[in-house]
Structure formats: structure tokens, C-alpha cells
Amino acid sequence: MGAGHVHGPAGQAGDHRVRLWIAFGLTAVIVVAQAVGTVLTGSLALLTDTAHALADASGLLVALIAATLMLRPATSTRTWGFRRIEVLAALGQAALLLVVGVYAAVEGVRRLVEPPEVPAGELLVFGAVGLAANLVAIALLSSTRGANFNMRAAFLEVLNDALGSLGVVVAAVVIATTGFQRADALAGLFIAALIVPRAFALLRETTSVLMEFTPTGLDLNEVRHHLLALEHVEDVHDLHASTVASGLPTLTAHVVVEDRCFTDGHAAAILQDVKRCVAEHFAVQVHHSTFQIETRDIARHEPGSVTHD
């Protein structure tokens, strides 16, 4: 391991930030260039793509802030540190995309009825500039898009913006070759169709984390079944699972065991067995688990607990 190389989560987070900075710079250039193009052409497709790029730039800036805060260590008052900031950042980016998508849909329908004249040559130039810059940003973020919600949201924004820029280019070519001015409005609607479904999907995923729903792919009924199948385990109750951030599922439960386990030394072994079960047996591996081992008598006297005789 040579000097100057950073490995592990910290090194990966640093690489993510560098890629985000470059993508943010490219997107900021797109915003300026397309804003100028929008003024010169009056194109709805270009206006929508500019608004989309502005939302992307804002989202990437939020992603950069989130990537930095995520590196702060945990404290006694923030036991998970700022790990969940990535979820909040992705939620904000999804909301921005949704607003832009709805605006593009409404304005696109209006311009289908009354299509303004759009200069195809200028539209093609500015669309091509946006597409080229977005393709570079996609290449930068593609390898890290699965790292967490934050990086996934950033990648989806740049990908959608690239497809939007492609729509602008196609609209410019259609207008130049056929004179069909409604192509501009249709391109705007195409961009809206790209934005809204992905924004809703991201909103759904981030909201499920904030609401502390069970992690996707983890069946708690199956977890309970496997825990009950362990030797000396009589019941499992107060079983809860949630996600703190990407790659960080957590699980808690009360495990009722035979009374004699507390006198013959089995209790400690059972605790290791149940922790190993949730960490290794299921597709969603839970390494942050907390179990309370107790007797049936103790379980009966816990407020709100339900045990099975």
C-alpha cells in the first residue's frame, strides 16, 4: 500500500466528491449556456432543459454538501453522524425535479396549441453544447451511481438532463428540416415525461427510509420464522427493521428463550446465533442488530408485548 493512496469509505467518499465537483462545474456551464440560448431562441424545450439543468446544478451542490457532512464522525448526540443527510439531499433533488417536470408538462400543452416560431440553427447549437457536457458528467458519475441515494440521485439528474438535451437537438433538426414548430413543445413534453416518473420513484424510496419502513428485500416474517427455528428460542416479539442510510439496515427484537438458558450458559450463545442469522442468512444482511434475550415471564410483564403460549 503506497503513500498517498486512500482506501476504504473515506477514500471512496473523497473520490465521490471530486466527481461531484466536476459534474457540478459542467452542469453550471450548461445552465449559463442554455439560459443564453433560451433568451435568443425563445424555445420551450431549451427553457425546460435549462430549468432542468438548474435543478440538476442545485441538486449536485446539495449532493456535494451532503457528501461532505457524511464524513463527520458520530457523537454522543448524533450516534449515526450525518449518514442520513444523503437521504434528505436525495429527497430535495427529487422535489426539484418534480416541480420542473410539472412546469414542462403544463407549458408544453399550452405551446402545442399556440406554437411560437423557434430558430432551429441556434437551438441545435445550444442543445449540442448541453448534450456534450452532460455526456461527460454521465461518464464521471456512472461508476459511483450505486454507492448511495445521494450519488444515485445525482446520476439520475445528469442522465435525465442528457436525454433532455438530446430532445432539444432532435427538435432543432425536425424544425430545420420540416418546419414543424410544434416539435419544440413536443420535446418539452418529452423532457417532462423523463423527469416526473423518476422523481416519484426517488421520492418513494427516500420517504420509505424517513418513515422507517422495513428495508426493501427484507421479509420480517421470514426473519421471525428463522429465529424461531433456532434451538432454545421460544418466541420473538417487538421485531423492527429500518434503514439509516444506503447500505445501513438495522434490526431490533426481543427473543424469548427457555428459563434454563440463563443458568446453563446458553443465553450468550443464543445471542450470537441470532445476530449471525440476520447478518448472514438473508439477501439483505443486517450487521447492526440489537437483541434483548429474555424469559417468557419477563416478556409477559413488558408493556404492550405479545407472546405466544
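We count residues from 1, following the sequence as given.
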Going from [atom1] on [X] to [atom2] on [Y], what distance comes out if it is rounded to the nearest 0.5 angstrom?
X	Y	atom1	atom2	result
L88	L210	CG	CG	5.5 Å
M211	S242	CE	OG	12.0 Å
L239	L220	CG	CG	4.5 Å
L47	D184	CG	CG	9.0 Å
F24	T27	CZ	OG1	8.0 Å
S165	L135	OG	CG	8.5 Å

Is there a donor-acceptor contact under 3.5 Å from the side chain of [X] to the main chain of [Y]?
X	Y	answer
E122	G37	no
R182	L112	yes
R84	T243	yes
T206	L203	yes
R224	V236	yes

Would you name the heavy atoms of [X] and [Y] that are closest together and state the gap between them?
X	Y	result
V173	T177	O-OG1, 2.8 Å
A45	G188	CB-N, 4.1 Å
A199	L98	CB-N, 3.8 Å
A128	V169	N-CG2, 3.7 Å
Q34	G130	NE2-CA, 3.8 Å
L131	A162	CD1-O, 3.4 Å

field: Within 6.0 angstrom of E231 CD, more than 12 heavy atoms from elsewhere
entry: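 Count not over threshold, so no.
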message: Within a 6.0 Å radius of atom CD on E117, are there more than 12 heavy atoms belonging to other residues, nucleotides or ligands?
response: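 Counting neighbours around CD of E117, 12 or fewer heavy atoms of other residues, nucleotides or ligands fall under 6.0 Å, so no.
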Is there a path of hydrophobic side-chain contacts, each under 4.5 Å between heavy atoms of I/L/V/M/F/W/Y residues, joining [Y] to [X]?
X	Y	value
V39	L54	no
V244	L218	no
L230	V257	yes
V36	V31	no
L228	L251	yes

message: As a quick check of understanding, evaluate side chain to side chain contact (heavy atoms under 4.5 Å, CB included) for V278 and V223, giving each step before the final call.
response: CA-CA 7 Å; V278 299; V223 172; 4.1 Å; yes
field: Non-neighbouring partners of H225 that pass ring-ring contact (aromatic ring centres under 6.0 Å, His included), sequence neighbours left out
entry: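 None.
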message: Suppose we screen for ring-ring contact (aromatic ring centres under 6.0 Å, His included). Which residues come up paired with H240, at least two apart in sequence or across chains?
response: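 Here no residue qualifies.
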- prompt: Going by atom types alone, do E294 and H237 pair a side-chain donor with an acceptor below 3.5 Å?
  reply: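 There is such a pair between these side chains.
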- prompt: Does a side chain donor of either T50 or T38 reach within less than 3.5 Å of an acceptor in the other side chain?
  reply: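 There is such a pair between these side chains.
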task: Decide yes or no on side chain to side chain contact (heavy atoms under 4.5 Å, CB included) for L227 and C277, but give the supporting numbers first.
output: CA-CA 7 Å; L227 293 179; C277 179; 4.1 Å; yes
Are any of the side-chain heavy atoms of [X] and [Y] separated by less than 4.5 Å?
X	Y	result
Q181	V118	yes
F291	H254	no
F126	D49	no
R111	P116	yes
L248	W80	yes
L123	V168	yes

- prompt: Going through the distances and angles, do F282 and V286 end up as a side chain to side chain contact (heavy atoms under 4.5 Å, CB included)?
  reply: CA-CA 8 Å; F282 304 100; V286 183; over 6 Å; no
For a quick test of your reading: what N or O donor-acceptor pairs under 3.5 Å do the side chains of residues 260-267 make, sequence neighbours left out?
| unit_1 | atom_1 | unit_2 | atom_2 | d |
| --- | --- | --- | --- | --- |
| R260 | NE | E258 | OE1 | 3.1 |
| R260 | NH1 | D264 | OD2 | 3.3 |
| R260 | NH2 | E258 | OE1 | 3.0 |
| T263 | OG1 | R260 | O | 2.9 |
| D264 | OD1 | H266 | N | 3.0 |
| D264 | OD1 | H266 | ND1 | 3.0 |
| D264 | OD2 | H266 | ND1 | 2.9 |

field: Trace of the side chain to side chain contact (heavy atoms under 4.5 Å, CB included) decision for I175 with F180
entry: CA-CA 5 Å; I175 293 172; F180 183 62; 5.8 Å; no
